[in-house]
Amino acid sequence: MAGTGIHPYHQQWPPAQAPTPPTAPGAPPSIHHAPPHVLFDNSNRGPSTHEEVRTIFITGFPDDVKERELQNLLRWLPGYEASQVNYKGDKAMGFALFSSSQHAIAAKDSLQDMVFDVETKSVLHTEMAKKNLFVKRGIVADSDAYDQSKRLRTGGDYSHAAYTTPSPFHPPPPPVWGPHGYMAPVPPPYDPYGGYPVPQVPMPPAPIPAPSSYVPIQNTKDNPPCNTLFIGNLGQNINEDELRGLFSVQPGFKQMKVLRQERHTVCFIEFEDLNSATTVHHSLQGAVIPSSGSIGMRIQYSKNPFGRRKDGIHHVASHSANGASPPITYQ
DNA sequence: AGCACA
């Protein structure tokens, strides 16, 4: 779901008096906030990557429609993520973001011509929006992205509230996600619009980090086996998260410490026991991950395992280990 | 070849 539209860049729920009335995705562009230096910019992939529209545009509300009314209407719809009402024109316009365009289309169809309010006899009209609603979600991987948005807070600090502090205005506490799973609409008893079919769009499963390839490594002088591995030959711009992703899923992984030095980045990984360390020592020797370029990592046992002190102070009281101590398991 | 932290 990456794309230009997701820069969660401004806060969404100031109803009427927002300093910058949210640009109506379907309306003529007034101010398009070009996301400043955003990390999610996909410009490096070319402009062809145009994000799918998964927002619907809703009109036909009574003039006094509340943001909340719309939310309460929509939260039952599968894939609903967020909505907002724009009061700028003389008619209130609603926008609702769904997790996929399929969900959006399904929601659009089910809301089409719905009687929203019997007293005012308002009937909804829906179409796909021209572009997606901007939403700041808790999912933002990088918190730098929302610093600029703080000024738009109207009441309550939403930026830290995601998923933890339910706020009446807070949109994304995923309505029907969570334990029920992504696709469980679990419509309410009265269920006026719950029955439509929604194409299943499975979430891409989190990929298990795996080396992209292996390169033969000459690992001449290694240290005595221990529960801590030393990883070298990682390349200039090795990505720590990638490294962690790879190692943290290895059985027995305990912790990892990255040491960035002038020329080389190295890292240390502690395992539960010697066995798991040894397994990884062999299985990932020479592994190449994307950020390491095309070079293979060198894996050795660490000179100074976690838990063993460097300069002669042996913490194992009973066992007077000396310099030539056998490879016992440390931990 | 680059080995820190408790």
Side-chain angles (χ1 to χ4, degrees), chain A residues 39 44 138-147 160 164 206-331:
Chain A
L39 304 99
N44 53 352
I139 297 177
V140 187
D142 218 310
S143 50
D144 300 294
Y146 65 69
D147 279 340
H160 304 292
T164 50
I208 293 177
S212 43
S213 65
Y214 291 85
V215 153
I217 291 295
Q218 69 289 21
N219 195 15
T220 44
K221 41 177 199 233
D222 205 335
N223 302 298
C226 65
N227 72 334
T228 303
L229 297 180
F230 170 85
I231 318 290
N233 203 35
L234 286 167
Q236 297 288 135
N237 22 30
I238 185 69
N239 176 336
E240 180 170 338
D241 293 328
E242 231 172 64
L243 263 189
R244 185 172 299 278
L246 175 62
F247 284 106
S248 60
V249 298
Q250 304 301 323
F253 171 90
K254 274 183 94 172
Q255 56 173 317
M256 168 175 140
K257 169 112 189 145
V258 174
L259 180 62
R260 291 202 171 264
Q261 295 172 132
E262 184 95 17
R263 301 230 344 149
H264 305 280
T265 293
V266 298
C267 99
F268 301 88
I269 299 163
E270 186 193 17
F271 290 85
E272 300 279 352
D273 49 34
L274 175 60
N275 258 331
S276 32
T278 301
T279 304
V280 171
H281 186 293
H282 294 135
S283 66
L284 291 181
Q285 186 66 273
V288 179
I289 59 176
S291 67
S292 57
S294 55
I295 60 179
M297 58 182 70
R298 168 189 332 312
I299 304 188
Q300 300 174 299
Y301 293 109
S302 172
K303 285 177 194 161
N304 303 295
F306 276 101
R308 197 212 288 168
R309 285 208 171 262
K310 219 177 189 169
D311 29 36
I313 307 161
H314 300 285
H315 67 309
V316 185
S318 55
H319 191 297
S320 63
N322 50 47
S325 65
I328 53 170
T329 55
Y330 309 97
Q331 48 170 318

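Side chains included, hydrogens not; waters and symmetry mates left out as well; all remaining heavy atoms used. So that the names make sense, note that chain A is the first sequence line, chain B the second, and so on, each numbered from 1.
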_Validation row: A/Met256, A/Ser248 side chains within 4.5 angstrom (heavy atoms)_ = no

*Rounded distance in Å - CD1 (A/Ile299) to C1' (B/dA1)*: 16 Å

*Using whole Å, report how far CG of A/Asn223 lies from P of B/dA1.*
13 Å

Report, one line per pair, each donor and acceptor closer than 3.5 Å where one atom sits in a side chain of residues 288-300 of chain A; sequence neighbours left out.
residue, atom, partner, partner atom, Å
A/Ser291, OG, A/Asn239, N, 2.8
A/Ser291, OG, A/Glu242, OE1, 2.8
A/Ser292, OG, A/Ile289, N, 3.0
A/Ser292, OG, A/Ile289, O, 2.6
A/Arg298, NH1, A/Gln218, O, 3.2
A/Gln300, NE2, A/Asn219, OD1, 3.3
A/Gln300, NE2, A/Lys221, O, 2.9

*asked:* Here's a test of your reading of the structure: between A/Leu229 and A/His264, which maps to the more 5' nucleotide of DNA chain B?
replied: A/His264

*Across the strands shown, which category fits A/Glu262 at heavy-atom distances under 4.0 angstrom: base, sugar-phosphate, nothing?*
nothing

*asked:* Counting only side-chain heavy atoms from C-beta out, which of B/dA1, B/dA4, B/dC3 sits nearest to A/Phe230?
replied: B/dC3

*Which is true for A/Thr265 with a 4.0 Å heavy-atom rule: it touches a base, it touches only sugar-phosphate, or it touches nothing?*
nothing

*Using a 4.5 Å cut-off on heavy atoms from C-beta on, say whether the side chain of A/Asn223 contacts that of A/Phe230.*
no

*When the distance from CD1 of A/Ile217 to P of B/dG2 is rounded to whole Å, what number comes out?*
16 Å

*asked:* Rounded to whole Å, how long is the line connecting atom CZ of A/Phe306 with atom P of B/dC5?
replied: 10 Å

*In whole Å, what is the span from the CD1 atom of A/Ile269 to the C1' atom of B/dA4?*
13 Å

*Rounded distance in Å - CG (A/Asn304) to P (B/dC3)*: 10 Å

*asked:* Restricting to ring-ring contact (aromatic ring centres under 6.0 Å, His included), what partner residues turn up for A/Tyr301, sequence neighbours left out?
replied: A/His281

_Sidechain-backbone polar pair: A/Asn227 side chain, A/Phe271 backbone, donor-acceptor under 3.5 Å_ = yes

*May I have the distance from A/Leu234 (atom CG) to B/dA1 (atom C1'), rounded to whole angstrom?*
12 Å

_Residue closer to the 5' end of DNA chain B, A/Asn233 versus A/Gln255 (nearest nucleotide)_ = A/Asn233

*Take the protein atom NZ of A/Lys221 and the nucleotide atom C1' of B/dG2, then report the distance between them rounded to whole Å.*
11 Å

*Decide, applying a 5.5 Å centre-distance limit and a 30° plane-angle limit (both strict), whether A/Phe268 stacks on B/dA4.*
yes

*asked:* Let's test your reading of the model: under 3.5 Å, does the base of B/dA1 pair with the side chain of A/Arg298 as donor and acceptor?
replied: yes

